[in-house]
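When reading the values below, keep in mind they use all heavy atoms of this one structure, side chains included, and skip hydrogens, waters and symmetry mates.
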Amino acid sequence: MPSFHNGAVEIAYLDEGEGDPILLVHGFASSKNVNWVYPAWVSELKRNGRRVIALDNRGHGESAKLYDANAYHIDTMAGDVTALMDHLGIERADVMGYSLGSRMTAVLALSQPQRLRSAILGGIGIGLIEGGGPGENVVRALEAASLDEVTDPVGRTFRAFADQTRSDRLALAACLRGSRTLMTREEAAAIAVPVLIAVGTSDEIAGSADALGRIIPGAQVLDIPNRDHMRAVGDKVYKAGVLDFLSRRK
């Protein structure tokens with residue numbers, strides 16, 4: 001698997017297909033494979049004539065594991081995305097995130113709009129601004145000696161997912177502590193690139209997609225029927241909606 005260094009941090013990535021580039025940014029405790037390869041996003045986008053790039057966020061997958069929460073500030077993590085684009089000589093791309101990856105994507109849409117052809121925010125709604133996402137209960141679950149010790153239901157969900165993906169739990173705990181910075185309502189309202197917000201209708205983690213859509217100017221909202229935060233990722237409605245959105249970004 002190819003990799004590059006952003007400063008001292010090694011970041012693993014994949015780069016497949018030909019055509020207009022789209023860069024995929026996975027969610028917390030996931031990886032490029034779990035979020036994008038196994039649910040067939042990479043193959044689907046390639047079939048639709050896209051060059052697909054996906055990275056393992058720092059602390060995740062095959063990228064470097066760091067244990068200092070300060071290494072995971074959301075701006076720092078978003079910087080890994082543009083560093084990868086620079087490494088590959090890509091000036092501008094569509095960027096699709098999921099959950100934590102969407103927080104990173106929103107940061108880029110605000111701070112470096114010239115690098116984004118569009119931003120697809122999967123698995124995040126008003127939680128981008130008003131909390132949302134895993135909290136200290138999940139940190140404690142990740143740091144517990146075993147899943148048997150975890151009683152909090154959300155903590156158990158994320159701990160079981162981390163165990164399933166064979167993640168470095170202490171690196172994930174540091175990531176969660178360091179990446180919690182929220183976007184203000186004013187910052188979200190200043191996003192000017194084309195935006196699609198895609199959230200499962202049963203997602204209790206992301207927050208309301210419609211509420212975020214009313215704040216980001218011109219944002220389109222895609223409801224993914226009867227899917228929660230974990231099960232929306234590979235949904236056919238999600239894929240069809242994203243492909244339609246991308247087809248109109250000519």
Side-chain angles (χ1 to χ4, degrees), residues 5-12 25-32 34-35 55-84 97-111 121-185 187-188 203-207 212 228-230 233:
H5 282 82
N6 185 17
V9 180
E10 185 174 16
I11 302 293
V25 191
H26 68 76
F28 176 72
S30 190
S31 69
K32 62 184 181 308
V34 172
N35 224 148
L55 77 162
D56 277 334
N57 292 331
R58 55 178 58 204
H60 295 71
E62 298 172 274
S63 290
K65 308 302 185 294
L66 310 167
Y67 304 98
D68 180 355
N70 291 322
Y72 292 99
H73 191 278
I74 197 71
D75 292 340
T76 303
M77 295 188 72
D80 290 334
V81 178
T82 48
L84 176 55
Y98 195 84
S99 198
L100 171 61
S102 290
R103 294 179 184 272
M104 296 160 60
T105 301
V107 166
L108 294 177
L110 177 66
S111 64
L121 308 181
I124 196 72
I126 198 63
L128 180 71
I129 298 168
E130 298 177 355
E136 190 63 27
N137 54 332
V138 175
V139 172
R140 290 193 295 270
L142 290 168
E143 293 178 338
S146 74
L147 180 61
D148 293 338
E149 297 181 10
V150 181
T151 57
D152 177 80
V154 176
R156 283 187 65 86
T157 297
F158 277 92
R159 172 57 187 266
F161 185 60
D163 288 347
Q164 178 187 350
T165 55
R166 300 180 182 178
S167 298
D168 186 320
R169 295 183 290 103
L170 297 183
L172 292 183
C175 175
L176 190 49
R177 286 199 168 103
S179 63
R180 286 178 176 166
T181 305
L182 299 176
M183 183 169 279
T184 68
R185 185 174 296 264
E187 287 171 335
D203 190 333
E204 297 182 349
I205 292 174
L212 182 61
D228 62 19
H229 196 69
M230 298 297 186
V233 177

field: Pairwise distance CE(Met183) to CD1(Ile74) - rounded to 0.5 angstrom
entry: 9.0 Å
query: Quick one: does Glu10's side chain get under 4.5 Å of Glu62's, heavy atoms only?
result: no
field: Atom pair CG (Asp80) and CG (Asp75), whose distance is rounded to the nearest 0.5 Å
entry: 11.5 Å
- request: Please name the residue in the list Asp56, Val233, Leu100, Leu55 that meets the side chain to side chain contact (heavy atoms under 4.5 Å, CB included) test with His26.
  value: Asp56
- prompt: Using a distance-only test with no angle check, is there a side-chain donor-acceptor pair under 3.5 angstrom linking Asn57 and Tyr72?
  reply: no
task: Determine, for Glu136 against Arg180, whether the closest basic-nitrogen to carboxylate-oxygen distance falls under 4.0 angstrom.
output: yes
task: For residues Asn137 and Phe158, determine if any side-chain heavy atom of one lies less than 4.5 Å from a side-chain heavy atom of the other.
output: no
statement: One should read off an interatomic distance between Ser63 OG and Asp168 CG, to the nearest 0.5 angstrom, of 12.0 Å
- prompt: With no hydrogens and no angle check, is any side-chain donor or acceptor of Arg159 less than 3.5 Å from a backbone partner on Val138?
  reply: no
Smallest separation among heavy atoms of Glu187 and Leu182, with atom names: OE1-O, 4.4 Å
Close side-chain approach of Arg140 and Val150, heavy atoms under 4.5 Å: no
- request: Kindly give the heavy-atom pair with the smallest separation between Asp203 and Ala206, and that separation in Å.
  value: OD1-N, 2.9 Å
- prompt: Parallel under 30°, tilted from 30 to 60°, perpendicular over 60°: which one fits the rings of His60 and Phe28?
  reply: perpendicular
field: Nearest non-hydrogen partners of Asn6 and Arg58, listed with the distance
entry: ND2-NH2, 4.3 Å
- request: Please assess Met77 against Ser179 for the test side chain to side chain contact (heavy atoms under 4.5 Å, CB included), listing each intermediate value before the final yes or no.
  value: CA-CA 8 Å; Met77 295 188 72; Ser179 63; 4.2 Å; yes
message: With heavy-atom distances below 4.5 Å as the criterion, would you say the side chains of Tyr98 and His229 are in contact?
response: yes
OG1 on Thr184 to CD on Glu130, rounded to 0.5 Å: 11.5 Å
Separation between CG of Leu128 and OG1 of Thr105, rounded to the nearest 0.5 Å: 10.0 Å
statement: Heavy-atom nearest pair, Ser102 first then Ile124, reads CB-CG2, 3.3 Å
- prompt: Is there a side-chain contact between Ile11 and Leu84 (heavy atoms, below 4.5 Å)?
  reply: no
task: Give the C-alpha distance, both sets of side-chain angles, the deciding distance and a yes or no for side chain to side chain contact (heavy atoms under 4.5 Å, CB included) between Leu170 and Glu143.
output: CA-CA 6 Å; Leu170 297 183; Glu143 293 178 338; 4.2 Å; yes
message: Testing the basics here: between Ser31 and Gly61, what is the closest heavy-atom pair and its distance to 0.1 Å?
response: CB-CA, 4.1 Å
- prompt: Residues two or more places apart in sequence or in another chain: which of them pass side chain to side chain donor-acceptor pair (under 3.5 Å) with Ser167?
  reply: Thr165
- prompt: Which pair of non-hydrogen atoms, one from Arg169 and one from Ala162, has the smallest distance, and what is that distance?
  reply: CG-CB, 4.4 Å
